[in-house]
Amino acid sequence: MTNNSIQNIDSPIDPEGSQGELEEWWRYFTFNKDHKVIGIQYLVTAFIFFLIAGFMAMVIRGELITPESDLVDRPLYNGLFTMHATLMIFLWIVPSLVGLANFLVPLMIGAKDMAFPFLNALSFWMVPPAGILLLSSFLLPAGTAQAGWWSYPPLSTQNPSGYLLNGQLFWCLSVVFLGISSIMAAVNFVTTIIRLRAPGMIFFRMPIFIWSVFSAQLLQLIFLPSLTGGVLLLLCDLSLGTNFFQPDRGGDPMLYQHMFWFYSHPTVYVWALPAFGIFSEIIPAFSRNPLFGYRSVAMATLALAFVSSIVWVHHLFASGTPEWMRILFMFTSELAAVPTGIKVFAWTATVWRGKLHMTTPMLFALGGVVMFLFGGITGVMLGAMPFDLHVNNTYFIVGHFHYIVYNTITLAMFGGLYFWFPKITGRMYNEGWGKIHFWLTFIGANLTFFPMIPLGLQGMVRRVASYEPQYQFWNVVASLGAFLLGVSILPFIANVVISWLQGTKAPNNPWFATGLEWKISSPPPKENFDEIPTVTAPPYSYGKPKTWASSPTTEG
Amino acid sequence: MENIFGSFRQLRRSRIQGRGGGKPEDDRGKVLFGVLAFMMSESLVFMSFITAYIGLRLSTSPWQPPGVSGPKLSSETIITSVVLLSSSLVIYLAERALKRRKVNRFRWLWATTTAMGAYFLYGEVKDWLSEDFSLSTGAIGGTFYIITGFHGLHVFVGMLLQTIMLFRSFIRGNYDKGHYGVTAVSWFWHFVDAIWVIVFSIFFLWR
Ligand SMILES: [Cu+2]
């Protein structure tokens, strides 16, 4: 195991008293410009919103145990599924991935910080106010936005209550705010990855996680303006009396759908690519194998970003789109299966020849890949326009979508959190509780989201609080699964809190992984590297007698 | 699979000789790269608005509701537009003066640019007040006022940034590390002017 050699660097010992520890905690509540602090701020904030949105999902599933609408009234039900989706997407998936990337990108490319530390802190500090604004709409007299997370006009611009301050207005403001924050973050990430790489860190030596963050943030930079612009116009229609999307007064509601999906399809890759990047880091590390076809995976990441930008009309197959357009976009949509297939093949081949170590991160990664296969196959089915028209607006869509966003992306997120937990906190997590978390999640997630596939095929429509009694069996299964999924979070929280406070101290490189972030102390010192390392070989050189990166400190 | 990307291998070979990697020590390059990335994103916000306008206009007939004549191409609009566009030249001269370390000359040229921006905004508000349609007139009102207003907001932000740079020019040692802040603001100003050419053409020249 030549990889042991990279453990030799001594971590600088911090002679910190209780005063130092107090400051240590306090800085997470300040406008701190250190990318590691900001990364943790993002992660914790996003996780709190995840819990809130998850609680809403519990209420929704509670309502759906019985065919009648009995637990909550219908407007509240509409508000709950709207807020559940908005929070999960804009305040959990996006900021949690940005948080992890914030912590890791400078470490992985050998930089001292992000390109624009001030901008970085500013991007973060826009997130909590936007989230609180969104949640505060529960206190408004007419309640929250109820038009779904896509907020199609003219439904979203009706404002039946007549109040100037209404839930839809808060929703628009919050999404515009988060859009601006994300665009600033994207500028920061793209600049950091292009300009701040350490000497020798050429593009084809970047870890796949960096490739995927780069591709994802490039998508944000190019496509997020479309959504932010669209929602801004929606806001004008709602509150200023303009008629961009009002069909009776010269506007066109389809215009909004295009502006919305022009971003919101690529955005799925903004979430999924970093998840794939996490898989590509964890799987080689616990297979003790170089990532199979590293370059193909890197290029497939860029290719996916490109393909994702020309498929948005598949969300409008049922919206009066002309036939030639539907067929064209059906083909581009199915094209996405090719680079995705390359990735799945690469992960499989990496595992195939490897010596597997079934740690918690590896379980989450493998579980995520398996469920992604299922989510991907249902996605290919949906891309086929005739099938899409058949299951349009049914639970099939909900099932497919959750196999991607929960069973793939959120699992990847958990895997990544366990994998880098020692680096982020300087402590080891508890392996036993981690495994319990995984199995509860894996079983709960399948119990929750699989029943939605048969339900959709049988024709149960989505977004409804009541349904025909013949659908009850699968709905009860899904609800019980959802409650199990709710319980599955508890061991995770306990594990993180207790391990962070009193876990065993983590060595620099507990997994004997390659990557610059494992060459420095856990947690990393203030400016990451005493001396910027020089990179001399491609990543994932597992099982090869070759030092991956060398710097004056490691050679001595 | 590896051979498909043969050309990239060549690229890599050439990069190894030049050692490769980023340029972390080059602060100017970093800031200007970030500014370019931001302006790219910002131009796409404009593009989404402008695409919306063109799409709406092509699909709506009649575009102008009865009694509405649309944005008027008055001589004042032309004058304010010419002033805004020529301010690009003035800011270029200001930047050149700073390069030659003529700081005072830079200051008054720089302040002139800000004044020209202010004149443009004044003209824009006057133009708004003279139009015979409002924000809620069909699709024409929203598109016209929101897009020109959004552009006007950018002019205003540009003026704010210029003012900050002007004040900072009085700080001792402000230009010791170069003046890429000034360059960045100047780029932003050119960008705002270029957007106006498009906005002007689609509203005032497209009859
Ligand atoms: Cu899509």
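Predicted model only: the values in this text are computed from it and were never measured.
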Rounded distance [0.5 Å steps], CG in A/Leu196 versus NZ in B/Lys30
6.0 Å
Take atom CZ of A/Phe529 as the centre, draw a 6.0 Å sphere, and report whether it contains more than 12 heavy atoms from other residues, nucleotides or ligands.
yes
How would you list, in number order, the residues of residues 231-239 of chain A that have a heavy atom less than 4.5 Å from chain B?
A/Leu232, A/Leu233, A/Cys236
Heavy-atom distance under 4.5 Å between the side chains of A/Phe116 and B/Val31, does that happen here?
yes
Given heavy-atom pairs under 4.5 angstrom as the criterion, report whether the side chain, backbone, both or neither of B/Thr137 touches chain A.
backbone
Could you check whether atom CE of B/Met40 has more than 12 heavy atoms from other residues, nucleotides or ligands sitting under 6.0 Å from it?
yes
Tell me whether B/Leu58 at atom CG has more than 12 heavy atoms from other residues, nucleotides or ligands lying less than 6.0 Å away.
yes
What part of A/Ile194 gets closer than 4.5 Å to chain B, counting heavy atoms only: side chain, backbone, both or neither?
both
For B/Arg28, does the CZ atom have more than 12 heavy-atom neighbours from other residues, nucleotides or ligands under 6.0 Å away?
no
Is any side-chain heavy atom of B/Ile146 less than 4.5 Å from a side-chain heavy atom of A/Phe244?
yes
Min side-chain heavy-atom separation B/Leu44-A/Phe223 under 4.5 Å
no
If you count heavy atoms of other groups shown closer than 6.0 angstrom to CH2 of A/Trp352, is the number above 12?
no
With chain B, the option among A/Gly110, A/Ser226, A/Ala186, A/Gly229 that has the most non-hydrogen atom pairs under 4.5 Å is A/Gly229
Interface moiety of A/Leu255 toward chain B, non-hydrogen atoms closer than 4.5 Å
side chain
Max heavy-atom pair count under 4.5 Å with chain B, selected residue of A/Met184, A/Arg249, A/Lys112
A/Arg249
Could you tell me which of B/Ser48, B/Ser59, B/Ser134, B/Gly141 has the largest number of non-hydrogen atom pairs under 4.5 Å with chain A?
B/Ser48
Top contributor to chain A contacts, counting heavy-atom pairs under 4.5 Å, from B/Gly29, B/Pro65, B/Ala139
B/Gly29
Please flag which part of B/Thr60 lies under 4.5 Å from any non-hydrogen atom of chain A: side chain, backbone, both or neither.
side chain
For a quick test of reading the model, state the closest non-hydrogen atom pair linking A/Val187 to B/Gly34 and the distance between them.
CG1-O, 3.5 Å
With respect to chain B, which residue among A/Val190, A/Leu227, A/Asp252, A/Ile222 yields the maximal number of heavy-atom pairs within a distance under 4.5 Å?
A/Ile222
May I ask you to check whether over 12 heavy atoms, not counting those of B/Tyr119, lie within 6.0 Å of atom OH?
yes
OG1/A/Thr192 to CZ/B/Phe33 distance, rounded to the nearest 0.5 angstrom?
9.5 Å
May I ask you to check whether over 12 heavy atoms, not counting those of B/Glu76, lie within 6.0 Å of atom CD?
no
Closest-packed option against chain B by number of heavy-atom pairs under 4.5 Å, given A/Asn243, A/Leu119, A/Thr242
A/Asn243
Quick one: of B/Thr51, B/Leu56, B/Leu36, who has the most non-hydrogen atom pairs under 4.5 Å with chain A?
B/Leu56
Given heavy-atom pairs under 4.5 angstrom as the criterion, report whether the side chain, backbone, both or neither of A/Ala198 touches chain B.
backbone
So which of A/Ala115, A/Ala111, A/Gly251, A/Gly230 has the largest heavy-atom pair count under 4.5 angstrom toward chain B?
A/Ala115
Neighbour count >12 (heavy atoms, 6.0 Å) for atom CZ, B/Phe133
yes
